[in-house]
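What follows is a short report on a single structure.
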Amino acid sequence: MDTDLRDRFIRLWHAYFPGAELPITFYYTAEPGPVEEAEPADGFRCFVAQLNDVRRGHAVCFGMSAIGCSGARRNTGFTDDFKPDFDHFLSCGLPGKCEGERYKSSPEVVRDIVARWPKHSAPARYIVFKRWDCLDADDHPDVAIFFAGPDVISGLFTLANFDESDPNVVITPMAAACATMVEYPYMERDADHPHAVLGLFDPSARPWVKPEILTFAVPMRRLLRMMDNASESFLTTQTWDRVRHRMGVSSDAGALPK
């Protein structure tokens with residue numbers, strides 16, 4: 001990444017979103033390089049929880065075996081496999097085999113949803129996550145992921161819509177938290193008008209973040225436009241000043257769970 005661009009974003013972020021958490025980013029790579037490779041997962045662990053160290057500033061490279069959730073391995077593009085009886089797992093369960101999450105009304109609905117889901121294949125063996133301020137000149141992030149509360153989300157949402165007439169620039173697909181952070185925004189990265197993705201509505205992932213936190217995942221092409229528009233947008237008005245002045249003391253800042 002162009003380090004001047006990196007630093008310009010940080011200046012804009014601190015000016016308009018004081019005290020708010022910097023985004024994390026990701027990209028795929030054939031080799032870990034200097035980034036620490038995560039150890040193979042020992043049992044189940046939600047991928048949102050695995051990213052908490054990245055949010056604290058620790059860069060991590062994940063291969064498929066390091067991801068502790070089968071759904072996350074699929075949503076990062078490392079496999080097409082579903083867990084056994086997934087249609088029952090996501091709905092009503094199957095006596096003697098799996099407890100149902102009851103996120104969908106029936107196995108038939110789940111099978112219909114699965115048939116419509118996007119197909120995402122990882123382009124390389126590893127996925128690297130770095131916080132924005134840790135990016136180097138050799139990094140080429142595809143997506144930035146903001147973990148934020150309502151005030152920050154409001155600013156990001158409005159800025160993403162600033163130069164578009166389409167009212168659906170920001171989408172909210174019903175999907176696992178990791179799908180809204182990785183799969184959906186990654187598949188938007190080359191679009192002329194890439195969508196931003198609002199996420200972390202997945203109840204299974206909610207325990208791994210503070211109660212007020214959602215995610216806002218932005219393909220880099222969209223984020224660069226947002227940066228270019230910032231100084232001409234509502235962010236410079238008294239309306240935003242009233243929001244901005246409370247950010248330093250709001251729960252949007254310091255948003256990591258203990």
Side-chain angles (χ1 to χ4, degrees), residues 6 9-10 12-27 46-49 51-52 54-56 72 75-76 118 127 129-133 135 141-164 166-189 191 193-203 205-206 208-230 233-235 240 243-244 246-247 250-257:
R6 177 199 63 197
F9 173 86
I10 293 173
L12 288 169
W13 186 250
H14 290 327
Y16 295 125
F17 298 86
E21 181 179 338
L22 282 166
I24 66 173
T25 67
F26 73 82
Y27 60 89
C46 178
F47 196 53
V48 172
L51 294 178
N52 280 338
V54 182
R55 293 173 63 193
R56 295 184 178 98
N75 294 326
T76 50
I127 185 169
F129 286 85
K130 283 190 173 186
R131 199 171 66 188
W132 185 275
D133 55 333
L135 290 169
D142 291 304
V143 173
I145 307 165
F146 297 82
F147 288 77
D151 282 348
V152 173
I153 294 287
S154 168
L156 292 169
F157 174 90
T158 307
L159 187 59
N161 280 279
F162 179 75
D163 59 356
E164 296 276 8
D166 178 2
N168 298 305
V169 169
V170 180
I171 61 173
T172 312
M174 184 176 181
C178 50
T180 61
M181 293 160 51
V182 178
E183 182 175 37
Y184 278 92
Y186 181 78
M187 294 184 71
E188 293 283 335
R189 71 195 186 285
H193 298 273
H195 292 92
V197 184
L198 183 61
L200 236 177
F201 293 99
D202 176 3
R206 296 299 308 163
W208 304 107
V209 296
K210 284 191 172 182
E212 67 276 9
I213 298 302
L214 295 173
T215 56
F216 193 91
V218 190
M220 284 299 299
R221 180 174 291 187
R222 171 67 61 187
L223 185 61
L224 294 178
R225 286 170 56 180
M226 291 167 66
M227 290 173 60
D228 289 341
N229 290 331
S233 76
F234 69 97
L235 293 175
W240 187 249
V243 180
R244 181 174 60 85
R246 72 184 184 186
M247 281 189 179
S250 79
S251 57
D252 285 0
L256 278 164

Please enumerate all residues that pass side-chain contact (heavy atoms from CB on, under 4.5 Å) together with [X], with sequence neighbours excluded.
X: A72; value: F47, I67, C69, C178
X: A205; value: C46, V48, A177, L200, D202
X: M220; value: M1, W132, P141, L223, L224

TODO: Quick one: list whatever passes side-chain hydrogen bond (donor to acceptor under 3.5 Å, both in side chains) with Y27, sequence neighbours left out.
DONE: D139
TODO: Return the orientation label for the F216 and F146 ring planes: parallel under 30°, perpendicular over 60°, tilted otherwise.
DONE: perpendicular
Task: salt bridge (Lys or Arg N to Asp or Glu O under 4.0 Å) partners of residues 217-228, not counting sequence neighbours, each pair once - done: R8-D228, D163-R222, D163-R225, E164-R222, E164-R225, D192-R221
Any side-chain heavy atom of [X] within less than 4.5 Å of one from [Y]?
X: V182; Y: I127; value: yes
X: L156; Y: M226; value: yes
X: T180; Y: F201; value: no
X: V243; Y: Y16; value: no
X: I145; Y: F129; value: yes

TODO: Step by step, work out the side-chain contact (heavy atoms from CB on, under 4.5 Å) result for H193 and D166.
DONE: CA-CA 10 Å; H193 298 273; D166 178 2; over 6 Å; no
Which heavy atom of [X] sits nearest a heavy atom of [Y], and at what distance?
X: A179; Y: A175; result: CB-CB, 3.8 Å
X: W208; Y: N52; result: O-ND2, 3.6 Å
X: L135; Y: R6; result: O-NH1, 2.7 Å
X: E183; Y: P118; result: OE2-O, 3.4 Å
X: V169; Y: A160; result: CG1-O, 3.5 Å

Do any N or O atoms from the side chain of [X] and from the backbone of [Y] form a donor-acceptor pair under 3.5 angstrom?
X: T25; Y: A144; value: no
X: E212; Y: G149; value: no
X: T158; Y: S154; value: yes
X: R131; Y: R55; value: yes
X: R206; Y: P211; value: yes

TODO: To the nearest 0.5 Å, tell me how far R189 CZ sits from Y184 OH.
DONE: 15.5 Å
Open item on the list: To the closest 0.5 Å, what do you measure between OG1 (T215) and CG (L198)?
Closed with: 6.5 Å
Open item on the list: Among residues at least two apart in sequence or on other chains, which ones pass ring pair (Phe, Tyr, Trp, His ring centres under 6.0 Å) with F157?
Closed with: none
TODO: Determine, stepwise, if the pair L235 / F17 fulfils side-chain contact (heavy atoms from CB on, under 4.5 Å).
DONE: CA-CA 9 Å; L235 293 175; F17 298 86; 4.2 Å; yes
- [ ] Any chance you could lay out the side-chain contact (heavy atoms from CB on, under 4.5 Å) test for M181 and L51, step after step, and finish with the verdict?
- [x] CA-CA 11 Å; M181 293 160 51; L51 294 178; 3.3 Å; yes
- [ ] Could you walk me through whether L159 and F234 pass the side-chain contact (heavy atoms from CB on, under 4.5 Å) test, one step at a time?
- [x] CA-CA 8 Å; L159 187 59; F234 69 97; 4.1 Å; yes
